[in-house]
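Remarks on the structure that follows.
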2 protein chains.
Amino acid sequence: MNENVSQPSGEPILTIGENAYRRIRADIVFGRLVPGQKLKLERLRDTYGASISTLREILNRLSSESLVVAEGQRGFEVAPVSVENLREIAALRLLLEAHALEQSFAAGDMEWEGRVVAAHHKLATLERRMRGGDHSDTELWKRYDWEFHQALISACGSTVLMETHAGIFDKYLRYQMIALSFRGDIAAEEHKIMHDCALARDAKRAREVLIRHVEGGVEHALATGTIR
Amino acid sequence: MNENVSQPSGEPILTIGENAYRRIRADIVFGRLVPGQKLKLERLRDTYGASISTLREILNRLSSESLVVAEGQRGFEVAPVSVENLREIAALRLLLEAHALEQSFAAGDMEWEGRVVAAHHKLATLERRMRGGDHSDTELWKRYDWEFHQALISACGSTVLMETHAGIFDKYLRYQMIALSFRGDIAAEEHKIMHDCALARDAKRAREVLIRHVEGGVEHALATGTIR
DNA sequence: TTACGAAAAATATCAGATATTATTGATTAC
DNA sequence: GTAATCAATAATATCTGATATTTTTCGTAA
């Protein structure tokens with residue numbers, strides 16, 4: 001997830017709007033707000049404790065991100081999902097991430113390796129625990145997953161690329177959450193390989209694994225039948 | 001530019017907010033609102049005739065698109081520009097557009113060819129006129145330029161890819177407008193080649209020309225010295 | 001010149017009002 | 001029974017104006 005990294009010198013003060021924005025966004029990405037669901041302003045006000053003006057600002061932001069749709073004068077609703085859309089998003093994620101991976105592998109320094117190893121450690125540890133049947137931390141898992149993939153491409157040298165990737169990644173993530181598709185064993189294995197590839201600077205192999213990783217995720221999500 | 005295609009059966013009624021949104025967005029993309037410029041709400045209200053509430057919704061949308069930055073409680077300003085950022089945007093445009101081009105060339109049918117030929121015709125005609133020294137239609141030229149590139153990738157089969165490309169394209173466009181860099185002769189030649197490649201389904205060559213096209217645009221823009 | 005603090009400006013947020021547009025439900029026509 | 005019609009209701013887009021905070025400005029003192 002895209003969380004602001006808190007500065008070492010005190011956490012950043014969140015404005016009411018920023019706070020509600022994150023909550024709503026997370027509720028959409030994690031499927032607590034259902035695709036297609038109408039977002040009535042008064043109800044949102046009660047739920048998120050922000051005024052209607054502020055909420056409209058938030059919903060406008062989210063509609064720019066394609067997580068919410070605003071149709072004419074008919075208010076807002078959670079962006080719908082479709083098989084088609086999932087496939088497009090997965091393909092775009094692959095295009096962006098594979099390219100970023102290559103750049104990152106070529107340019108990564110020791111700091112970068114440190115980030116990769118650290119992110120993988122957190123992820124692998126959690127994955128091991130989850131393999132034991134403890135699925136209570138699915139959200140945390142997804143976050144570590146994000147942090148790992150983010151770390152892998154973090155030396156690609158392009159902020160624009162990373163931000164664009166982050167936006168697409170979250171939309172991909174939403175599909176995974178909606179399908180509630182945990183395939184920890186396979187994913188963990190693939191994460192391990194990518195981690196090793198990173199240290200060995202084997203971009204070619206990492207790319208292949210990434211393709212399997214994402215396409216496997218798509219098929220697994222579709223297999224649950226949750227997405228029409 | 002991203003304009004709503006007006007339906008055959010009557011033009012879509014534009015809400016005040018939508019209208020102001022487009023005007024402000026165009027003013028940013030076409031450089032009339034200068035990078036880094038503070039966007040004071042009261043002044044915007046007078047200029048664009050929308051209330052402050054509505055304007056805040058618009059600015060929030062634009063900040064999601066990275067055309068405006070909203071820093072804490074310090075209001076909004078037009079997104080700054082930098083050489084770094086231009087290079088990143090150009091590179092991302094190339095990644096997206098080259099990939100979309102390939103897909104499009106492979107899947108394009110007769111309808112697609114028609115769109116390409118039509119868009120190229122409009123663009124080439126205007127470029128011929130502009131070569132005569134008439135630079136009064138720079139905005140129109142940029143729009144036809146957009147429509148042509150859009151047509152080329154319009155058979156790529158991915159809405160998500162096209163929308164993402166459109167967002168990046170407009171940011172690239174902003175740099176071109178800021179640098180006021182018209183290099184009609186070279187660009188027109190490259191447009192012609194891409195047009196021919198499309199009909200011949202020569203994706204490989206089109207890609208090479210596209211790379212020249214975009215990278216040439218970047219260097220040309222940088223050469224004006226307008227962007228620090 | 002730099003540092004400090006009060007005054008002014010601008011912002012984030014809210015509540016409530018109005019006009020317009022959607023949606024709902026009942027009624028009528030076929 | 002289904003389709004079309006239209007008034008009543010609900011929800012939205014937009015605006016005005018108010019309040020508490022936060023930034024910025026600017027003059028004064030160190």
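Hydrogens, waters and symmetry mates are skipped; everything else that's a heavy atom, side chains included, is used. Remember, it's a predicted structure, so these values are computed and weren't measured experimentally. Chain letters run A, B, ... following the sequence lines, proteins first and then strands; every chain starts at 1.
Between the CG atom of B:L55 and the C1' atom of D:dT14 there is a distance of 11 Å, given to the nearest Å. If you take CD of A:E57 and P of D:dT14, they are 13 Å apart, rounded to a whole angstrom. Atoms CG (B:N60) and P (D:dT14) sit 15 Å apart, rounded to a whole Å. To the nearest angstrom, P of D:dT14 lies 14 Å from OH of B:Y21. Summarising the geometry, the separation between CD on B:Q73 and P on C:dA9 is reported as 20 Å, rounded to the nearest angstrom. Between the CD atom of B:E71 and the C1' atom of C:dT11 there is a distance of 12 Å, rounded to whole Å. The distance between atom CD1 of B:I52 and atom P of C:dA9, rounded to the nearest whole Å, is 15 Å. At whole-Å resolution of the value, CZ in A:R74 and C1' in D:dT12 are 12 Å apart.
The ring-ring contact (aromatic ring centres under 6.0 Å, His included) test applied to B:H149 returns B:F169, B:H191, B:H213, not counting sequence neighbours. Under the salt bridge (charged side-chain N to carboxylate O under 4.0 Å, His left out) criterion, B:R32 pairs with B:D27, B:E139, sequence neighbours left out. With sequence neighbours excluded, the residues forming a side chain to side chain contact (heavy atoms under 4.5 Å, CB included) with A:A119 are A:F148, A:A151, listed by chain and number. Remark: A:E65 pairs with A:Y21, A:R25, A:L62, A:L67, B:S64 by the side chain to side chain contact (heavy atoms under 4.5 Å, CB included) rule, at least two apart or across chains.
Between A:E219 and A:R87 a salt bridge is recorded (basic side-chain N to carboxylate O distance below 4.0 Å).
The phosphate of D:dC15 (OP1 or OP2) has a side-chain N or O of B:T54 nearer than 4.0 angstrom.
Looking at residues 35-48 of chain B, you'll see that no heavy atom sits under 4.0 Å from any atom of DNA chain D.
Nearest nucleotide to the side chain of B:S51, out of C:dA22, D:dT14, D:dT23: D:dT14.
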Output side-chain donor-acceptor pairs under 3.5 Å for residues 78-85 of chain B, partner residues at least two apart or in another chain, one line each.
| residue | atom | partner | partner atom | Å |
| --- | --- | --- | --- | --- |
| B:S82 | OG | B:N85 | N | 3.0 |
| B:N85 | OD1 | B:Y175 | OH | 2.8 |

